[in-house]
Structure formats: structure tokens, C-alpha cells
J.: 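Would you mind keeping the following structure in view while I ask a few things?
All values reported here derive from a predicted model rather than from experimental measurement. Numbering of ligands and ligand atoms starts at 1, following listing order.
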Amino acid sequence: MNPRDSSSSSPSDRRLSALARHLSSPSAAGVGGGVSRSLASSSSFARGDSVFSHVARAPEDPILGVTVAFNKDPSPVKLNLGVGAYRTEEGKPLVLNVVRQAEQQLINDRARVKEYLPIVGLVEFNKLSAKLIFGADSPAILENRVTTVQCLSGTGSLRVGGEFLARHYHQHTIYIPKPTWGNHPKVFTLAGLSVKYYRYYDPATRGLDFQGLLEDLGSAPLGAVVLLHACAHNPTGVDPTIQQWEQIRQLIRSRRQLPFFDSAYQGFASGNLDADAQSIRSFVADGGECLVAQSYAKNMGLYGERVGALSIVCRTADVAGRVESQLKLVIRPMYSNPPIHGASIVAAILRDREMYNEWTIELKAMADRIISMRHQLFDALRARGTPGDWSHIIKQIGMFTFTGLNSQQVAFMTKEYHIYMTSDGRISMAGLSSKTVPHLADAIHAAVARAV
Ligand code: PLA
């Protein structure tokens with residue numbers, strides 16, 4: 001396949017040219033009191049015309065817009081399987097016990113204040129986050145070769161990493177898997193990188209297109225940035241095996257490409273935090289460099305706290321220190337410094353052995369419930385004799401099942417069954433419960449039967 005550019009001029013170019021146009025326009029210098037007084041009395045103001053009247057309505061976000069549509073539906077049987085947000089068996093959002101404990105601790109501590117954090121965030125949080133993802137005994141940490149900055153969850157970490165690369169890395173093309181999380185191309189394009197795709201998923205086998213992946217990365221330029229999902233690939237639920245990861249690592253290293261890991265689901269794929277970090281750790285163990293974006297949205301249920309971290313593993317401590325100084329220059333004009341609350345919760349849990357252990361138990365329970373939903377849905381479709389091989393539901397891992405349903409089938413399920421999901425046929429298994437499995441199975445059965 002021919003990877004394509006997502007845009008011809010980068011957004012930072014566009015931002016710069018918009019700025020240049022503004023500065024060169026005659027009115028730019030003279031926006032003073034006189035000008036605004038004469039505008040205020042003009043007839044266009046009297047008619048109530050808006051200076052924004054040319055603004056077109058933008059479409060809803062393909063993932064978060066599903067929730068907007070869901071919220072408008074008055075049906076009592078409606079089911080939101082769009083966004084990847086964990087729900088209990090009762091269909092309710094879950095705040096982990098260990099998070100409640102940590103919050104109580106924070107409230108009880110009268111010495112805590114609401115001062116600004118440093119630009120890089122809470123230093124203890126950064127250290128603990130690096131240990132969590134790389135392992136406490138990681139040589140890169142022991143040798144001080146890692147810089148970690150607290151960012152606004154996984155998305156913010158990807159964006160800060162992208163902007164840093166656009167400013168300081170010699171290659172401006174990032175290769176992302178096809179398909180991938182829908183926000184990836186937008187985040188990286190707006191960061192100033194140019195986005196191309198590598199083959200990842202084979203719809204025929206509903207598995208990894210390993211040959212295609214090797215071919216595309218093999219023909220990608222030397223030094224290109226390569227985005228990798230650390231585990232629980234979104235939306236496909238298909239991950240490389242350990243042996244395949246090893247081949248990918250060798251290929252990327254031989255082409256001197258720069259891996260950028262997106263770790264949004266550590267602990268959610270297997271229920272084990274170390275197992276889900278294995279892909280990243282194998283790249284760090286070879287002594288090479290990489291970037292990692294970490295999110296606590298899913299594994300600690302801290303979705304709305306927007307807490308995550310960007311780590312850059314460098315060759316030497318000296319380089320890491322200089323990289324950090326530049327990351328601060330990216331962050332300061334973007335949001336100045338990150339919020340304190342979520343990072344304090346995470347630090348409280350990661351620093352305390354008992355709370356950490358309790359967290360791993362709660363995390364495993366979430367992962368296990370998702371796995372049990374896979375089996376229940378698979379059994380329900382088999383019981384209905386739904387045409388097709390549905391074994392991918394139990395083979396895929398993480399929060400999502402990439403069902404293979406097409407956009408018409410999805411539209412039918414939404415219209416007739418009030419089941420909401422993304423139009424690519426992805427369903428969030430974490431939003432399902434034993435009570436709602438039969439309803440979903442009925443809907444899938446009807447959607448598939450219609451098409452045959
Ligand atoms: N990376 C991947 C692969 C993701 O799936 C998500 C979230 C993120 C990063 C960002 O998460 P964060 O900023 O909240 O930490 N994907 C969700 C939500 C769960 C979303 O689209 O924002 C999804 O439904 O795909």
C-alpha cells in the first residue's frame with residue numbers, strides 16, 4: 001500500500017501564515033478605541049450580524065459524539081457502547097475504592113495547598129509513573145536517562161510529545177497503524193508532524209496483518225517516528241505476540257526509527273501491569289531511545305481528572321536533562337502547568353505498598369469483568385445461531401471488540417435497538433453487563449440477518 005500524507009501543509013505552517021497575514025494587514029496596527037466606536041454605531045451591528053456568521057457547524061467527534069447522541073435518546077433500553085469508559089454490572093461508572101481512600105487522605109491533610117505545580121508537574125508522580133511503565137529496576141531509570149513530565153492524560157502526553165518532535169527531531173513524519181484511535185492523526189497533525197499509515201489489521205482474518213506491517217515499516221524512511229499501541233490496540237483489540245514484538249523491535253532499531261508508544265490501557269489487556277508494559281520494556285532494554293505517553297484514565301478510572309505522563313528515554317542523562325528543558329518550553333505556553341489533584345491521587349496510590357496492592361486487585365477485577373463479557377456475548381451469539389464466526393470476540397483483548405459490523409448495520413442497531421457505538425463497528429465491552437448482553441446479541445443477530 002501507499003501510505004498517504006494527511007495534509008500538504010502542516011498546521012504549524014498554517015498557524016504561522018495566519019499570524020503573518022494578520023500582522024501584515026493594515027487594520028492590525030490600528031485596533032484602537034476610535035475604530036471600535038465607529039464599528040459599534042455601524043448598521044451591521046444594529047442588524048445583529050455576527051463576526052462569526054461564516055462559521056460552519058462542525059460535525060460531532062466520531063467517538064465522544066456517540067455519547068452526545070446517546071444522551072438525547074429517551075428510550076429506557078438504550079445502551080452506550082461508544083466511548084471506552086468502564087461501567088459496573090449495574091451499568092454505573094466506577095470510582096475505585098483505592099481512589100476514594102487516596103482522596104480522603106488528601107482532604108485530611110491540612111498541610112496541602114493549591115499552589116501551582118512546576119511546569120513538569122508533580123515530581124513524585126513523574127518518578128512513580130516512570131517506574132510503573134518501565135519497571136522499578138529499569139536501567140534507563142537507574143542511569144537517569146529518562147525524563148518524565150506530567151501531562152493532561154494520554155491525549156495531552158501525545159500532543160506534547162508530538163510538538164517536541166516537530167521542534168527538535170530531524171524527521172517530521174509519524175507512521176501510525178491503520179486503523180488506529182481516531183484522535184491520533186489529528187493530534188499529531190496539529191502538533192506539526194505529517195501523518196502516514198502502516199498496515200496493521202487484516203479484516204479477512206480479523207487479526208494482525210503482520211506481513212503488511214513489516215513491509216510498510218521496512219519501507220518507511222530511516223529515522224521515521226513510529227506510533228505503537230503498547231497493548232490492547234484500539235480499535236481492533238489485536239496485539240502482536242511476544243515473538244512478533246521482537247521482530248518489530250529489530251526492524252525499527254535496524255531502520256533507526258523512533259518508537260512512540262501510546263500506553264492508554266496498562267493493566268486492562270491482561271489484568272497485569274507488568275505484562276501489559278512488556279512491549280515497551282523490551283525496547284528500553286536494548287538501550288535505544290523512545291517516547292511513551294501514559295494515561296491513568298482507564299486503569300485508575302481517573303477519566304475526568306486528566307492525569308497522564310510523557311516519558312522520553314534518552315541515551316544519556318545529559319541529553320535527558322536538555323530534552324526536559326525543551327519540554328518545559330512546549331508546555332508553558334500551552335497550559336502553563338498541569339492540574340494537581342489527579343496526580344496527587346496517583347502518587348498516593350503508587351507510593352504506598354498496601355494501596356498499590358489494592359489497586360492491582362481492583363484493576364484485575366475490571367479486566368476480568370471485561371473478559372467475562374466477551375465470553376457472555378460470544379455464547380449469546382452462538383446460542384442464537386447468528387451467522388458468522390464470532391471467535392474474534394473472545395480472542396481480541398482490552399476494552400474493545402472490533403465486531404466487523406459495517407456502518408449500515410451499526411446505524412440499524414442504533415435506530416431499532418437504541419444501541420450506540422462507533423460507526424466502524426467497535427463496541428466497548430466495558431460498557432456491557434450480564435443484563436444487557438441479550439439485548440446486544442439480539443441486535444447483532446438482527447443486523448447480520450438483515451444483510452444476508
Ligand atoms: N490513546 C488511545 C489508544 C486511546 O484509546 C485513548 C482514549 C487515549 C489515548 C486518550 O485517553 P485519555 O486522554 O483520556 O487518557 N480512547 C477512548 C476515549 C477511551 C476517547 O476517544 O477519548 C476511546 O473511546 O477510544
J.: Only distances under 3.5 Å count here; give the side-chain donor-acceptor pairs of residues 269-281 to other protein atoms, sequence neighbours excluded, each with its distance to 0.1 Å.
T.:
from: Ser270; atom 1: OG; to: Asn272; atom 2: N; distance (Å): 3.0
from: Ser270; atom 1: OG; to: Asn272; atom 2: O; distance (Å): 3.2
from: Ser270; atom 1: OG; to: Asp276; atom 2: OD1; distance (Å): 2.8
from: Asn272; atom 1: OD1; to: Asp274; atom 2: N; distance (Å): 2.8
from: Asn272; atom 1: OD1; to: Ala275; atom 2: N; distance (Å): 2.9
from: Asp274; atom 1: OD1; to: Arg281; atom 2: NH1; distance (Å): 2.9
from: Asp274; atom 1: OD1; to: Arg281; atom 2: NH2; distance (Å): 3.1
from: Asp276; atom 1: OD1; to: Ser270; atom 2: N; distance (Å): 3.3
from: Asp276; atom 1: OD2; to: Gly267; atom 2: N; distance (Å): 2.8
from: Asp276; atom 1: OD2; to: Phe268; atom 2: N; distance (Å): 3.3
from: Asp276; atom 1: OD2; to: Ala269; atom 2: N; distance (Å): 3.0
from: Asp276; atom 1: OD2; to: Ser270; atom 2: N; distance (Å): 3.2
from: Ser279; atom 1: OG; to: Ala230; atom 2: O; distance (Å): 2.8
from: Arg281; atom 1: NE; to: Ile133; atom 2: O; distance (Å): 3.0
from: Arg281; atom 1: NE; to: Phe134; atom 2: O; distance (Å): 3.4
from: Arg281; atom 1: NH2; to: Leu132; atom 2: O; distance (Å): 3.0

J.: Can we call the ring centroids of His392 and Phe402 under 6.0 Å apart?
T.: no

J.: Quick one: side chain to side chain donor-acceptor pair (under 3.5 Å) partners of Asp286, sequence neighbours excluded?
T.: Arg249, Arg253

J.: Consider only side-chain N and O atoms of Tyr296 and Ser129, and report whether a donor and an acceptor are under 3.5 Å apart.
T.: yes

J.: Scan residues 78-107 for pairs that pass ring-ring contact (aromatic ring centres under 6.0 Å, His included), counting only residues two or more places apart or in two chains.
T.: none

J.: Side chains of Thr236 and Gln396: is there a donor and an acceptor less than 3.5 Å apart?
T.: no

J.: Could you list each nitrogen or oxygen of ligand 1 that sits under 3.5 Å from a protein nitrogen or oxygen, with the atom names and the distance?
T.:
from: ligand 1; atom 1: 1 (N); to: Asp262; atom 2: OD1; distance (Å): 3.4
from: ligand 1; atom 1: 1 (N); to: Asp262; atom 2: OD2; distance (Å): 2.6
from: ligand 1; atom 1: 5 (O); to: Asn234; atom 2: ND2; distance (Å): 2.6
from: ligand 1; atom 1: 5 (O); to: Tyr265; atom 2: OH; distance (Å): 2.6
from: ligand 1; atom 1: 11 (O); to: Lys298; atom 2: NZ; distance (Å): 3.3
from: ligand 1; atom 1: 13 (O); to: Gly154; atom 2: N; distance (Å): 3.4
from: ligand 1; atom 1: 13 (O); to: Thr155; atom 2: N; distance (Å): 2.9
from: ligand 1; atom 1: 13 (O); to: Thr155; atom 2: OG1; distance (Å): 2.5
from: ligand 1; atom 1: 13 (O); to: Arg306; atom 2: NH2; distance (Å): 2.8
from: ligand 1; atom 1: 14 (O); to: Arg306; atom 2: NH1; distance (Å): 2.9
from: ligand 1; atom 1: 15 (O); to: Ser153; atom 2: OG; distance (Å): 2.5
from: ligand 1; atom 1: 15 (O); to: Gly154; atom 2: N; distance (Å): 2.8
from: ligand 1; atom 1: 15 (O); to: Ser295; atom 2: OG; distance (Å): 2.6
from: ligand 1; atom 1: 16 (N); to: Trp181; atom 2: NE1; distance (Å): 3.3
from: ligand 1; atom 1: 21 (O); to: Trp181; atom 2: NE1; distance (Å): 2.9
from: ligand 1; atom 1: 24 (O); to: Gly84; atom 2: N; distance (Å): 2.8
from: ligand 1; atom 1: 24 (O); to: Arg426; atom 2: NH2; distance (Å): 2.8
from: ligand 1; atom 1: 25 (O); to: Trp181; atom 2: NE1; distance (Å): 3.3
from: ligand 1; atom 1: 25 (O); to: Asn234; atom 2: ND2; distance (Å): 3.0
from: ligand 1; atom 1: 25 (O); to: Arg426; atom 2: NH1; distance (Å): 2.8
from: ligand 1; atom 1: 25 (O); to: Arg426; atom 2: NH2; distance (Å): 3.4

